[in-house]
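By convention here, the first residue in the shown sequence is residue 1. Just so you know, these numbers come straight off a predicted model, no measurement behind them. Both ligands and their constituent atoms are indexed starting at 1 by order of listing.
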Amino acid sequence: MKKFSVNLITNSIIKVIGKGPHSLHEPVLGKKEIEYVSKSIKSNFVSTKGKFVEKFENEIKKFTKSNFVVSTINCTQALFLSLKVLGVKKDDEVLVPALTFVGTVNAISYLGAEPHFIDSTISNLGVDSKKLEIYLMKHTKIKNNKCINKKTGKVIKAIIPVHVFGHACDIEKIVKIARKYKFEVIEDAAECLGSFFKRKHLGTFGKIGCLSFNGNKIITTGGGGAILINNKKIYKKIKHLATTAKLKHSWEYDHDQIGFNFRMPSINAALGFAQLRQIKKFIKSKRNLFLRYQKSFEKVEGVKIFKDNKFEKSNYWLQTLILNTRFKKYKNKILKENFKKKIYLRPAWKLISNLKPYQRKQKMSLSGAKEIYDKVINLPSSQYL
Ligand SMILES: *Cc1c(COP(=O)(O)O)cnc(C)c1O
């Protein structure tokens, strides 16, 4: 073992990826992307009527084996629409990990619903299912087939488990708990295209799962998302509402509800179509990068590179360094020293329950999420590395 030092951490990173500048994650865009985006432009149909939208959705459907897919302008609105279609209303509560990207929680707030923060575990970076079950047993009761928070009297309508950095949370268990406690499961699989648990794609365990194709994700459409849906009725509702609730007619503008303009434009779908053709190559390079980091840090005292669990095949979207309890106090120093060398490491998200708009919301003890925040550093993870 080599003795822990901040310098040793930096050197072990440089040994793998070379000197900076290295950002956390950059997309790889090339000939294929130019070819398909040009096709979209030449067709003149760059908006939601273009043919690339359907093509892209079909490819996502094939790849994830989801029953139905609706592409959207981003993942945040995909989550919002999913909650809405599953009946989440003002004053309902939605369980959500405090350790996630703020968009997950904002989607709940857009409906006037209340986020209720739950804890995560460092073993998989996702919801701590054991702690959740004990918490629900203590703090909720079932009445008229609904889960009631005994303290607030409000209905807990749904849970949004998040698969963090490409790794699966304890999704099977969470689906079971949700069934027992009568709430819906919407998976935030924003970071997880190409990640599987027991050979099933993440985002297809709950009723609905949402993907993101933002510029920093494993594939990008510039901005965009997709909703994976297992049920035809829900699919129809989502597609209808995402498309301004327009009724089919050759020329009339007839809309039967207040809909949304959430569909992905064709020019973005063209970019995604080109990217998706390379997903296997991208995942391979990421798993490869994982192995190289793992090797480089193998003999460094007090740290390890996060590894996927037994039943999982992660896309390794972001590589994750975990400091042990003794050395976690060096986290900021490591971030700072590497920033100076233009190696742009990032910490995990600040707990959402600590952000200004969310400080007064319901929450359980969040010791696991805090542990993750204190110990985790994301390493540069671009495909080109
Ligand atoms: C990126 C991300 C989102 C938001 O996706 P957008 O497409 O940018 O709206 C939501 N949740 C998680 C976990 C993310 O990483």
Plane angle bin for F262 and F260 - parallel if under 30°, tilted between 30 and 60°, otherwise perpendicular: parallel
Side chain to side chain donor-acceptor pair (under 3.5 Å) partners of residues 66-76, not counting sequence neighbours, each pair once: E57-S71
Ligand 1 contact by C75, heavy-atom criterion under 4.0 angstrom: yes
Ligand 1 versus N74: contacting region, heavy-atom distance under 4.0 Å: both
Any G224 heavy atom less than 4.0 Å to ligand 1: yes
Pair F56 + F273: ring centers closer than 6.0 Å: no
Contact check, K217 vs ligand 1, heavy-atom distance below 4.0 Å: yes
NZ or CZ of K198 within 45° of F311 ring axis and under 6.0 Å: yes
Per-residue contact class, N214 against ligand 1 - non-hydrogen pairs under 4.0 Å: side chain
Structural part of V162 in contact with ligand 1, heavy atom criterion under 4.0 angstrom: side chain
Ligand 1 versus A190: contacting region, heavy-atom distance under 4.0 Å: side chain
Salt-bridge contact R360-E114 (side-chain N to carboxylate O under 4.0 Å): no
Hydrophobic cluster membership, V300 vs I13, 4.5 Å side-chain cutoff: yes
